[in-house]
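Heads up, the thing below is written out as C-alpha coordinates.
Numbered from 1 within each chain, the chains take letters A, B, ... in sequence-line order.
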Protein chains: 2
Amino acid sequence: MSAPRLNNWQAVQDEVLRRIHAREWPPGALIPNEADLAVEFGCSRATVNRALRALADSGLLDRRRKAGTRVAAQPVAKATLDIAVIRHEVEGRGQAYGYQRLSRAEAVPPAAVSGAMGTASDRPLLHIRALHLADGRPYAVEDRWINTGVVPLARAEGFETVSANEWLLEHAPYTHGDIAFSAVMLGAEDAGTLDVAPAEAAFAIDRLTRDGPAAVTKVRLLFPPGYQLRTTL
Amino acid sequence: MSAPRLNNWQAVQDEVLRRIHAREWPPGALIPNEADLAVEFGCSRATVNRALRALADSGLLDRRRKAGTRVAAQPVAKATLDIAVIRHEVEGRGQAYGYQRLSRAEAVPPAAVSGAMGTASDRPLLHIRALHLADGRPYAVEDRWINTGVVPLARAEGFETVSANEWLLEHAPYTHGDIAFSAVMLGAEDAGTLDVAPAEAAFAIDRLTRDGPAAVTKVRLLFPPGYQLRTTL
DNA sequence: CAGTGGTCTAGACCACGCC
DNA sequence: GCGTGGTCTAGACCACTGC
(Lines give C-alpha, C1' and ligand atoms only; values in the text may rest on other atoms or scores of the structure.)
Protein backbone atom coordinates (compact mmCIF):
# COMPACT_ATOMS: atom_id res chain seq x y z
CA MET A 1 0.00 0.00 0.00
CA SER A 2 1.15 3.50 -0.72
CA ALA A 3 0.17 6.47 1.34
CA PRO A 4 -3.08 8.14 0.35
CA ARG A 5 -2.84 11.64 -1.06
CA LEU A 6 -3.45 14.24 1.62
CA ASN A 7 -4.85 17.09 -0.39
CA ASN A 8 -6.16 19.37 2.29
CA TRP A 9 -4.45 20.99 5.20
CA GLN A 10 -6.59 19.38 7.87
CA ALA A 11 -5.70 15.93 6.64
CA VAL A 12 -2.05 16.91 6.75
CA GLN A 13 -2.50 18.27 10.24
CA ASP A 14 -4.20 15.07 11.36
CA GLU A 15 -1.38 12.96 9.99
CA VAL A 16 1.23 15.11 11.68
CA LEU A 17 -0.69 14.89 14.94
CA ARG A 18 -0.87 11.13 14.56
CA ARG A 19 2.87 10.86 14.14
CA ILE A 20 3.53 13.06 17.13
CA HIS A 21 1.10 11.15 19.24
CA ALA A 22 2.45 7.79 18.10
CA ARG A 23 5.96 9.00 18.99
CA GLU A 24 7.13 8.49 15.42
CA TRP A 25 8.19 12.08 15.92
CA PRO A 26 8.99 12.21 19.63
CA PRO A 27 9.13 15.43 21.65
CA GLY A 28 12.11 17.51 20.60
CA ALA A 29 12.58 15.74 17.29
CA LEU A 30 13.30 17.57 14.08
CA ILE A 31 10.69 16.77 11.46
CA PRO A 32 11.18 16.88 7.69
CA ASN A 33 11.04 20.25 6.02
CA GLU A 34 7.99 21.56 4.23
CA ALA A 35 9.17 20.69 0.75
CA ASP A 36 9.85 17.06 1.64
CA LEU A 37 6.55 16.66 3.41
CA ALA A 38 4.75 18.17 0.45
CA VAL A 39 6.27 15.51 -1.78
CA GLU A 40 5.49 12.74 0.70
CA PHE A 41 1.90 13.82 1.19
CA GLY A 42 1.36 14.57 -2.45
CA CYS A 43 0.24 18.13 -1.92
CA SER A 44 1.70 21.57 -2.38
CA ARG A 45 4.08 23.18 0.03
CA ALA A 46 1.51 25.85 0.85
CA THR A 47 -0.83 23.20 2.18
CA VAL A 48 1.87 21.72 4.39
CA ASN A 49 2.74 25.22 5.54
CA ARG A 50 -0.84 25.94 6.53
CA ALA A 51 -1.06 22.73 8.56
CA LEU A 52 2.27 23.17 10.32
CA ARG A 53 1.68 26.84 11.01
CA ALA A 54 -1.62 26.01 12.70
CA LEU A 55 0.12 23.45 14.89
CA ALA A 56 2.86 25.92 15.72
CA ASP A 57 0.21 28.48 16.69
CA SER A 58 -1.30 25.99 19.07
CA GLY A 59 2.09 25.42 20.65
CA LEU A 60 2.70 21.85 19.52
CA LEU A 61 5.52 22.66 17.13
CA ASP A 62 8.46 25.00 17.28
CA ARG A 63 9.40 26.47 13.94
CA ARG A 64 12.47 28.51 13.13
CA ARG A 65 13.88 29.52 9.81
CA LYS A 66 16.90 27.53 8.87
CA ALA A 67 16.69 25.50 12.07
CA GLY A 68 13.58 23.71 10.86
CA THR A 69 10.51 22.43 12.65
CA ARG A 70 10.65 20.52 15.92
CA VAL A 71 8.04 18.82 18.04
CA ALA A 72 7.71 20.97 21.14
CA ALA A 73 9.40 19.23 24.05
CA GLN A 74 7.08 20.78 26.56
CA PRO A 75 4.10 22.10 24.70
CA VAL A 76 2.83 25.34 26.11
CA ALA A 77 -0.87 24.70 26.16
CA LYS A 78 -2.76 27.60 24.68
CA ALA A 79 -6.11 27.77 26.39
CA THR A 80 -8.42 30.16 24.64
CA LEU A 81 -11.03 31.77 26.81
CA ASP A 82 -14.02 33.37 25.24
CA ILE A 83 -14.76 36.46 27.23
CA ALA A 84 -18.26 37.23 26.12
CA VAL A 85 -20.76 39.85 27.17
CA ILE A 86 -22.15 38.68 30.50
CA ARG A 87 -25.69 38.62 29.18
CA HIS A 88 -24.64 36.15 26.51
CA GLU A 89 -22.74 34.08 29.04
CA VAL A 90 -25.87 33.75 31.17
CA GLU A 91 -28.23 33.18 28.26
CA GLY A 92 -25.81 30.61 26.90
CA ARG A 93 -26.46 28.59 30.03
CA GLY A 94 -30.15 28.70 29.34
CA GLN A 95 -30.81 31.04 32.22
CA ALA A 96 -32.75 34.29 32.25
CA TYR A 97 -30.51 37.32 32.39
CA GLY A 98 -31.20 40.20 34.72
CA TYR A 99 -29.45 43.48 35.30
CA GLN A 100 -29.59 45.95 38.14
CA ARG A 101 -27.65 49.16 38.49
CA LEU A 102 -26.50 49.68 42.04
CA SER A 103 -24.93 53.09 41.84
CA ARG A 104 -23.62 55.70 39.46
CA ALA A 105 -21.43 58.63 40.41
CA GLU A 106 -18.65 60.83 39.17
CA ALA A 107 -15.87 60.65 41.65
CA VAL A 108 -12.14 60.78 42.06
CA PRO A 109 -10.98 57.16 42.05
CA PRO A 110 -8.55 55.56 44.47
CA ALA A 111 -4.93 56.03 43.58
CA ALA A 112 -4.67 52.39 42.51
CA VAL A 113 -7.29 52.96 39.84
CA SER A 114 -6.03 56.29 38.51
CA GLY A 115 -2.55 54.84 38.54
CA ALA A 116 -3.52 51.79 36.53
CA MET A 117 -5.56 53.87 34.12
CA GLY A 118 -2.93 56.54 33.80
CA THR A 119 -5.31 59.40 34.56
CA ALA A 120 -4.45 62.36 36.75
CA SER A 121 -4.84 61.44 40.40
CA ASP A 122 -7.38 64.23 41.00
CA ARG A 123 -9.42 63.62 37.86
CA PRO A 124 -13.00 62.47 38.47
CA LEU A 125 -14.12 59.39 36.58
CA LEU A 126 -17.51 57.81 36.14
CA HIS A 127 -18.04 55.05 38.68
CA ILE A 128 -20.68 52.41 38.08
CA ARG A 129 -21.61 49.52 40.30
CA ALA A 130 -24.05 46.95 39.00
CA LEU A 131 -25.35 43.46 39.60
CA HIS A 132 -25.80 40.83 36.94
CA LEU A 133 -28.40 38.17 37.64
CA ALA A 134 -29.09 34.71 36.31
CA ASP A 135 -32.57 33.37 36.88
CA GLY A 136 -33.04 36.11 39.45
CA ARG A 137 -30.03 35.13 41.51
CA PRO A 138 -26.84 37.17 41.77
CA TYR A 139 -24.39 36.12 39.10
CA ALA A 140 -21.69 38.76 39.32
CA VAL A 141 -20.99 42.18 40.76
CA GLU A 142 -19.48 44.70 38.42
CA ASP A 143 -17.43 47.61 39.71
CA ARG A 144 -16.35 49.86 36.88
CA TRP A 145 -14.54 53.13 36.28
CA ILE A 146 -15.01 54.87 32.95
CA ASN A 147 -12.63 57.48 31.60
CA THR A 148 -15.03 60.26 30.59
CA GLY A 149 -12.16 62.05 28.92
CA VAL A 150 -12.09 59.29 26.32
CA VAL A 151 -15.79 58.41 26.31
CA PRO A 152 -17.59 61.71 27.03
CA LEU A 153 -20.85 60.22 25.79
CA ALA A 154 -20.96 58.04 28.89
CA ARG A 155 -21.84 61.06 31.01
CA ALA A 156 -25.20 61.21 29.27
CA GLU A 157 -25.97 57.55 29.90
CA GLY A 158 -27.61 56.44 33.10
CA PHE A 159 -26.76 52.72 32.82
CA GLU A 160 -30.03 51.95 34.57
CA THR A 161 -31.20 49.36 32.09
CA VAL A 162 -28.20 48.90 29.79
CA SER A 163 -25.12 47.45 31.40
CA ALA A 164 -21.92 49.38 30.90
CA ASN A 165 -20.56 46.06 29.73
CA GLU A 166 -22.66 46.21 26.58
CA TRP A 167 -22.93 49.96 26.19
CA LEU A 168 -19.19 50.38 25.97
CA LEU A 169 -18.80 47.69 23.33
CA GLU A 170 -21.20 49.64 21.18
CA HIS A 171 -19.89 53.12 21.85
CA ALA A 172 -16.25 52.92 22.80
CA PRO A 173 -13.68 51.47 20.45
CA TYR A 174 -10.64 49.91 21.98
CA THR A 175 -7.38 48.55 20.74
CA HIS A 176 -5.87 46.60 23.61
CA GLY A 177 -6.84 45.12 26.91
CA ASP A 178 -5.28 43.43 29.89
CA ILE A 179 -7.09 40.77 31.85
CA ALA A 180 -6.17 39.25 35.17
CA PHE A 181 -7.90 36.42 37.00
CA SER A 182 -7.52 35.95 40.71
CA ALA A 183 -9.17 34.77 43.88
CA VAL A 184 -10.16 37.29 46.56
CA MET A 185 -11.93 37.22 49.88
CA LEU A 186 -15.27 38.96 49.70
CA GLY A 187 -15.75 42.08 51.76
CA ALA A 188 -18.96 42.68 53.63
CA GLU A 189 -20.53 44.91 50.99
CA ASP A 190 -19.85 42.66 48.01
CA ALA A 191 -20.84 39.58 49.99
CA GLY A 192 -24.14 41.22 50.83
CA THR A 193 -24.75 42.15 47.22
CA LEU A 194 -24.01 38.61 46.08
CA ASP A 195 -26.06 37.23 48.95
CA VAL A 196 -23.32 35.02 50.36
CA ALA A 197 -21.46 34.91 53.64
CA PRO A 198 -18.62 37.43 54.05
CA ALA A 199 -15.03 36.21 53.80
CA GLU A 200 -16.03 33.69 51.18
CA ALA A 201 -13.67 33.13 48.26
CA ALA A 202 -14.76 34.92 45.12
CA PHE A 203 -13.46 34.61 41.60
CA ALA A 204 -12.32 37.98 40.29
CA ILE A 205 -11.79 39.16 36.74
CA ASP A 206 -10.00 42.48 36.36
CA ARG A 207 -9.99 44.04 32.97
CA LEU A 208 -8.33 47.23 31.77
CA THR A 209 -9.29 48.35 28.29
CA ARG A 210 -7.24 50.82 26.28
CA ASP A 211 -7.69 52.80 23.11
CA GLY A 212 -4.15 53.36 22.03
CA PRO A 213 -2.35 54.93 24.98
CA ALA A 214 -5.51 56.08 26.75
CA ALA A 215 -7.35 53.90 29.22
CA VAL A 216 -11.03 53.56 28.40
CA THR A 217 -12.35 51.64 31.36
CA LYS A 218 -11.28 49.49 34.26
CA VAL A 219 -13.62 46.90 35.63
CA ARG A 220 -13.64 44.25 38.33
CA LEU A 221 -16.16 41.44 38.16
CA LEU A 222 -16.70 39.35 41.27
CA PHE A 223 -18.35 35.97 41.00
CA PRO A 224 -19.78 34.11 43.99
CA PRO A 225 -18.28 30.84 45.24
CA GLY A 226 -18.84 27.96 42.86
CA TYR A 227 -18.24 29.93 39.72
CA GLN A 228 -15.91 28.25 37.27
CA LEU A 229 -14.30 29.56 34.16
CA ARG A 230 -13.91 26.64 31.80
CA THR A 231 -12.11 25.92 28.60
CA THR A 232 -10.49 23.08 26.72
CA LEU A 233 -7.03 22.39 25.40
CA MET B 1 -2.86 60.70 -3.53
CA SER B 2 -3.84 57.15 -4.28
CA ALA B 3 -3.78 54.42 -1.72
CA PRO B 4 -0.43 52.73 -1.25
CA ARG B 5 -0.18 49.12 -2.31
CA LEU B 6 -0.71 46.78 0.62
CA ASN B 7 1.31 43.81 -0.42
CA ASN B 8 1.44 41.79 2.74
CA TRP B 9 -1.30 40.40 4.91
CA GLN B 10 -0.33 42.29 8.03
CA ALA B 11 -0.61 45.61 6.24
CA VAL B 12 -4.05 44.56 5.01
CA GLN B 13 -5.01 43.54 8.53
CA ASP B 14 -3.83 46.86 9.92
CA GLU B 15 -5.86 48.78 7.37
CA VAL B 16 -8.97 46.75 8.10
CA LEU B 17 -8.45 47.29 11.83
CA ARG B 18 -8.07 51.01 11.20
CA ARG B 19 -11.37 51.15 9.35
CA ILE B 20 -13.18 49.22 12.03
CA HIS B 21 -11.72 51.38 14.73
CA ALA B 22 -12.48 54.59 12.86
CA ARG B 23 -16.07 53.39 12.44
CA GLU B 24 -15.75 53.54 8.67
CA TRP B 25 -16.98 49.99 9.03
CA PRO B 26 -19.16 50.17 12.15
CA PRO B 27 -20.13 47.15 14.27
CA GLY B 28 -22.50 44.93 12.34
CA ALA B 29 -21.61 46.37 8.95
CA LEU B 30 -21.06 44.23 5.89
CA ILE B 31 -17.64 44.85 4.42
CA PRO B 32 -16.63 44.39 0.77
CA ASN B 33 -15.88 40.90 -0.40
CA GLU B 34 -12.40 39.51 -0.75
CA ALA B 35 -12.12 40.03 -4.47
CA ASP B 36 -13.05 43.71 -4.25
CA LEU B 37 -10.68 44.33 -1.38
CA ALA B 38 -7.89 42.59 -3.26
CA VAL B 39 -8.37 45.02 -6.14
CA GLU B 40 -8.57 48.01 -3.82
CA PHE B 41 -5.48 47.04 -1.88
CA GLY B 42 -3.58 45.99 -4.95
CA CYS B 43 -2.80 42.52 -3.71
CA SER B 44 -4.02 39.02 -4.39
CA ARG B 45 -7.19 37.58 -2.93
CA ALA B 46 -5.18 35.06 -0.94
CA THR B 47 -3.49 37.86 0.94
CA VAL B 48 -6.82 39.48 1.79
CA ASN B 49 -8.12 36.09 2.84
CA ARG B 50 -5.21 35.54 5.19
CA ALA B 51 -5.76 38.92 6.84
CA LEU B 52 -9.52 38.57 7.21
CA ARG B 53 -9.29 35.00 8.41
CA ALA B 54 -6.91 36.04 11.15
CA LEU B 55 -9.31 38.75 12.26
CA ALA B 56 -12.20 36.31 12.20
CA ASP B 57 -10.18 33.91 14.35
CA SER B 58 -9.68 36.64 16.89
CA GLY B 59 -13.40 37.29 16.99
CA LEU B 60 -13.47 40.72 15.37
CA LEU B 61 -15.15 39.62 12.16
CA ASP B 62 -17.96 37.24 11.38
CA ARG B 63 -17.55 35.45 8.09
CA ARG B 64 -20.10 33.28 6.35
CA ARG B 65 -20.11 31.95 2.85
CA LYS B 66 -22.48 33.80 0.61
CA ALA B 67 -23.51 36.09 3.47
CA GLY B 68 -20.17 37.84 3.38
CA THR B 69 -18.01 39.33 6.10
CA ARG B 70 -19.38 41.52 8.88
CA VAL B 71 -17.78 43.46 11.67
CA ALA B 72 -18.71 41.63 14.86
CA ALA B 73 -21.34 43.59 16.75
CA GLN B 74 -20.16 42.37 20.11
CA PRO B 75 -16.75 40.94 19.65
CA VAL B 76 -16.18 37.90 21.77
CA ALA B 77 -12.78 38.59 23.15
CA LYS B 78 -10.52 35.59 22.79
CA ALA B 79 -8.08 35.65 25.63
CA THR B 80 -5.33 33.14 25.10
CA LEU B 81 -3.75 31.80 28.24
CA ASP B 82 -0.41 30.12 28.05
CA ILE B 83 -0.50 27.23 30.45
CA ALA B 84 3.15 26.44 30.76
CA VAL B 85 5.07 23.99 32.86
CA ILE B 86 5.20 25.50 36.33
CA ARG B 87 8.97 25.50 36.36
CA HIS B 88 9.00 27.68 33.27
CA GLU B 89 6.36 29.96 34.74
CA VAL B 90 8.52 30.55 37.81
CA GLU B 91 11.77 30.88 35.90
CA GLY B 92 10.05 33.27 33.52
CA ARG B 93 9.56 35.59 36.46
CA GLY B 94 13.24 35.49 37.15
CA GLN B 95 12.79 33.44 40.29
CA ALA B 96 14.54 30.25 41.33
CA TYR B 97 12.35 27.20 40.96
CA GLY B 98 12.11 24.57 43.64
CA TYR B 99 10.19 21.31 43.88
CA GLN B 100 9.27 19.15 46.79
CA ARG B 101 7.27 15.94 46.75
CA LEU B 102 4.90 15.75 49.66
CA SER B 103 3.45 12.29 49.24
CA ARG B 104 3.06 9.44 46.82
CA ALA B 105 0.62 6.57 47.20
CA GLU B 106 -1.55 4.21 45.26
CA ALA B 107 -5.05 4.57 46.55
CA VAL B 108 -8.68 4.42 45.60
CA PRO B 109 -9.68 7.99 44.81
CA PRO B 110 -12.79 9.77 46.02
CA ALA B 111 -15.87 9.14 43.91
CA ALA B 112 -15.67 12.65 42.48
CA VAL B 113 -12.26 11.88 41.02
CA SER B 114 -13.01 8.41 39.67
CA GLY B 115 -16.24 9.78 38.27
CA ALA B 116 -14.57 12.64 36.46
CA MET B 117 -11.84 10.39 35.16
CA GLY B 118 -14.21 7.63 34.19
CA THR B 119 -12.30 4.94 36.03
CA ALA B 120 -13.94 2.17 38.05
CA SER B 121 -14.88 3.45 41.48
CA ASP B 122 -12.76 0.78 43.22
CA ARG B 123 -9.73 1.12 40.99
CA PRO B 124 -6.61 2.41 42.73
CA LEU B 125 -4.83 5.31 41.07
CA LEU B 126 -1.49 6.92 41.73
CA HIS B 127 -1.87 9.90 44.01
CA ILE B 128 0.86 12.54 44.14
CA ARG B 129 0.98 15.64 46.25
CA ALA B 130 3.77 18.12 45.68
CA LEU B 131 4.81 21.66 46.37
CA HIS B 132 6.25 24.04 43.80
CA LEU B 133 8.46 26.80 45.13
CA ALA B 134 9.64 30.14 43.82
CA ASP B 135 12.72 31.59 45.47
CA GLY B 136 12.19 29.12 48.29
CA ARG B 137 8.64 30.23 49.03
CA PRO B 138 5.54 28.16 48.31
CA TYR B 139 4.24 28.90 44.83
CA ALA B 140 1.58 26.25 44.32
CA VAL B 141 0.35 22.98 45.74
CA GLU B 142 -0.25 20.20 43.26
CA ASP B 143 -2.67 17.40 44.00
CA ARG B 144 -2.70 14.86 41.22
CA TRP B 145 -4.22 11.52 40.34
CA ILE B 146 -2.62 9.47 37.59
CA ASN B 147 -4.39 6.70 35.73
CA THR B 148 -1.84 3.89 35.93
CA GLY B 149 -3.94 1.89 33.50
CA VAL B 150 -3.01 4.39 30.81
CA VAL B 151 0.46 5.32 32.06
CA PRO B 152 1.82 2.17 33.70
CA LEU B 153 5.34 3.56 33.58
CA ALA B 154 4.34 6.05 36.29
CA ARG B 155 4.34 3.24 38.85
CA ALA B 156 8.09 3.00 38.48
CA GLU B 157 8.66 6.71 38.98
CA GLY B 158 9.08 8.17 42.44
CA PHE B 159 8.44 11.81 41.51
CA GLU B 160 10.86 12.80 44.23
CA THR B 161 12.89 15.19 42.10
CA VAL B 162 10.93 15.37 38.85
CA SER B 163 7.49 16.91 39.07
CA ALA B 164 4.64 14.87 37.65
CA ASN B 165 3.86 18.04 35.75
CA GLU B 166 6.95 17.62 33.61
CA TRP B 167 7.29 13.85 33.72
CA LEU B 168 3.87 13.33 32.20
CA LEU B 169 4.50 15.75 29.35
CA GLU B 170 7.48 13.66 28.44
CA HIS B 171 5.97 10.22 28.89
CA ALA B 172 2.24 10.45 28.44
CA PRO B 173 0.73 11.63 25.19
CA TYR B 174 -2.65 13.26 25.34
CA THR B 175 -5.19 14.43 22.88
CA HIS B 176 -7.61 16.61 24.82
CA GLY B 177 -7.90 18.42 28.07
CA ASP B 178 -10.40 20.37 30.11
CA ILE B 179 -9.36 23.24 32.32
CA ALA B 180 -11.40 25.06 34.92
CA PHE B 181 -10.39 28.09 36.96
CA SER B 182 -12.07 28.91 40.22
CA ALA B 183 -11.67 30.42 43.64
CA VAL B 184 -11.74 28.21 46.73
CA MET B 185 -11.28 28.63 50.44
CA LEU B 186 -8.13 26.94 51.64
CA GLY B 187 -8.49 24.04 54.01
CA ALA B 188 -6.19 23.69 56.99
CA GLU B 189 -3.81 21.24 55.32
CA ASP B 190 -3.32 23.17 52.10
CA ALA B 191 -3.06 26.45 53.98
CA GLY B 192 -0.32 24.96 56.12
CA THR B 193 1.54 23.69 53.07
CA LEU B 194 1.33 27.09 51.42
CA ASP B 195 2.23 28.78 54.69
CA VAL B 196 -0.78 31.07 54.78
CA ALA B 197 -3.71 31.47 57.14
CA PRO B 198 -6.54 28.94 56.75
CA ALA B 199 -9.78 30.07 55.11
CA GLU B 200 -7.85 32.32 52.77
CA ALA B 201 -9.01 32.57 49.17
CA ALA B 202 -6.89 30.50 46.82
CA PHE B 203 -6.83 30.43 43.05
CA ALA B 204 -7.50 26.94 41.75
CA ILE B 205 -6.72 25.41 38.39
CA ASP B 206 -8.31 22.02 37.72
CA ARG B 207 -7.13 20.14 34.73
CA LEU B 208 -8.30 16.83 33.34
CA THR B 209 -6.17 15.39 30.57
CA ARG B 210 -7.38 12.70 28.21
CA ASP B 211 -5.86 10.44 25.63
CA GLY B 212 -8.76 9.70 23.37
CA PRO B 213 -11.51 8.39 25.62
CA ALA B 214 -9.25 7.48 28.53
CA ALA B 215 -8.40 9.93 31.28
CA VAL B 216 -4.66 10.27 31.80
CA THR B 217 -4.47 12.49 34.82
CA LYS B 218 -6.48 14.88 36.93
CA VAL B 219 -4.75 17.64 38.79
CA ARG B 220 -5.66 20.54 41.03
CA LEU B 221 -3.21 23.36 41.51
CA LEU B 222 -3.79 25.75 44.38
CA PHE B 223 -2.09 29.13 44.40
CA PRO B 224 -1.81 31.28 47.50
CA PRO B 225 -3.58 34.66 47.79
CA GLY B 226 -2.14 37.29 45.52
CA TYR B 227 -1.61 35.00 42.57
CA GLN B 228 -2.87 36.39 39.29
CA LEU B 229 -3.27 34.75 35.96
CA ARG B 230 -2.73 37.42 33.35
CA THR B 231 -3.22 37.80 29.66
CA THR B 232 -4.01 40.40 27.04
CA LEU B 233 -6.74 40.88 24.50
C1' DC C 1 26.77 30.89 2.52
C1' DA C 2 22.95 28.10 2.06
C1' DG C 3 18.82 25.93 3.95
C1' DT C 4 14.63 26.85 6.08
C1' DG C 5 10.22 28.84 6.88
C1' DG C 6 7.31 33.14 5.55
C1' DT C 7 4.85 35.05 2.20
C1' DC C 8 2.88 36.59 -2.32
C1' DT C 9 0.76 35.65 -6.85
C1' DA C 10 -2.57 34.24 -10.35
C1' DG C 11 -5.56 31.09 -11.29
C1' DA C 12 -8.70 27.48 -10.30
C1' DC C 13 -12.30 24.52 -8.23
C1' DC C 14 -15.43 23.69 -4.63
C1' DA C 15 -18.91 23.89 -0.59
C1' DC C 16 -21.97 26.29 1.57
C1' DG C 17 -26.11 28.76 2.12
C1' DC C 18 -29.08 32.96 0.91
C1' DC C 19 -32.49 33.89 -2.44
C1' DG D 1 -28.88 29.50 -8.98
C1' DC D 2 -25.13 31.90 -7.87
C1' DG D 3 -22.24 34.84 -4.90
C1' DT D 4 -19.37 34.17 -1.13
C1' DG D 5 -15.59 32.45 1.47
C1' DG D 6 -12.47 28.10 1.82
C1' DT D 7 -8.92 25.95 -0.12
C1' DC D 8 -5.41 24.04 -3.35
C1' DT D 9 -1.64 24.59 -6.79
C1' DA D 10 2.80 25.72 -8.86
C1' DG D 11 6.02 28.82 -8.83
C1' DA D 12 8.58 32.56 -7.06
C1' DC D 13 11.16 35.77 -4.04
C1' DC D 14 12.62 36.97 0.41
C1' DA D 15 14.16 37.15 5.49
C1' DC D 16 16.17 35.07 8.88
C1' DT D 17 19.70 32.42 10.99
C1' DG D 18 22.74 28.46 11.89
C1' DC D 19 26.99 26.92 10.22
Are [X] and [N] close enough that a side-chain N or O sits under 4.0 Å from OP1 or OP2?
X     : N      : result
A:N49 : C:dG5  : no
A:R5  : D:dC8  : no
A:N33 : C:dT4  : yes
B:S44 : C:dG11 : no

Measure [atom1]/[X] against [atom2]/[N] and give the value in whole Å, please.
X     : N      : atom1 : atom2 : result
B:L30 : D:dG3  : CG    : P     : 15 Å
B:E34 : C:dG11 : CD    : C1'   : 15 Å
B:Q13 : C:dC8  : CD    : C1'   : 16 Å
A:Q10 : D:dT7  : CD    : P     : 7 Å
B:L55 : D:dG6  : CG    : P     : 12 Å
B:W9  : C:dT9  : CH2   : P     : 14 Å
B:L6  : C:dT9  : CG    : C1'   : 16 Å
A:N8  : D:dG5  : CG    : P     : 21 Å

Practice item. Would you confirm whether the ring centroid of A:Y139 sits within less than 6.0 angstrom of the ring centroid of A:F223? Key: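 For A:F223 and A:Y139, the ring centres are under 6.0 Å apart.
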Check your understanding: Just wondering, more than 12 heavy atoms not from B:H176 lying within 6.0 Å of its NE2?
Key ->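 Check fails, neighbour count at 12 or below.
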Check your understanding: When you look at CZ of B:R18, are more than 12 heavy atoms from neighbouring residues, nucleotides or ligands closer to it than 6.0 Å?
Key ->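 Yes, because the 6.0 Å sphere around CZ of B:R18 holds more than 12 heavy atoms from other groups.
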**Study point:** Strand-adjacent residues in residues 56-66 of chain B, judged by heavy atoms under 4.0 Å from DNA chain C
**Key:**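 Those residues are B:R64, B:R65, B:K66.
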Practice item. Looking at every strand, decide which applies to B:A67 at a 4.0 Å heavy-atom threshold: base, sugar-phosphate, or nothing. Key: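 It contacts nothing in the nucleic acid.
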Check your understanding: Heavy atoms, side chains only, cut-off 4.5 Å: are A:C43 and A:L6 in contact?
Key ->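 Side-chain contact under 4.5 Å: no.
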Point to revise | Closest listed nucleotide, where the reference is the side chain of B:R45 and the choices are C:dG6, C:dC13, D:dT9 | key: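 The answer is C:dC13, which lies nearest to the side chain.
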Review point. Among D:dG6, D:dT9, C:dT9, which is the nearest nucleotide to the side chain of A:N7?
Key: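 Out of D:dG6, D:dT9, C:dT9, the nucleotide with an atom closest to A:N7's side chain is D:dT9.
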Exercise for review: Could you pick out which residue, A:C43 or B:T69, lies toward the 5' side of DNA chain D when each is mapped onto its nearest nucleotide?
Suggested key: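 Whichever sits nearer the 5' end wins; that is B:T69.
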**Study point:** salt bridge (charged side-chain N to carboxylate O under 4.0 Å, His left out), paired with A:E34, selected from A:R53, A:R65, A:R45
**Key:**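 By the salt bridge (charged side-chain N to carboxylate O under 4.0 Å, His left out) criterion, A:E34 pairs with just one of A:R53, A:R65, A:R45: A:R45.
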Check your understanding: Do you know which of B:K218, B:R210, B:R207 makes side-chain hydrogen bond (donor to acceptor under 3.5 Å, both in side chains) with B:D178?
Key ->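 Exactly one candidate clears the test, B:R210.
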Review point. Going through the distances and angles, do B:R70 and B:D62 end up as a salt bridge (Lys or Arg N to Asp or Glu O under 4.0 Å)?
Key: CA-CA 5 Å; B:R70 291 180 177 280; B:D62 280 336; over 6 Å; no
Check your understanding: Taking atom types as they are modelled, is there a donor-acceptor pair under 3.5 Å from the base of C:dG6 to the side chain of B:R50?
Key ->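 No, the side chain and the base share no sub-3.5 Å donor-acceptor pair.
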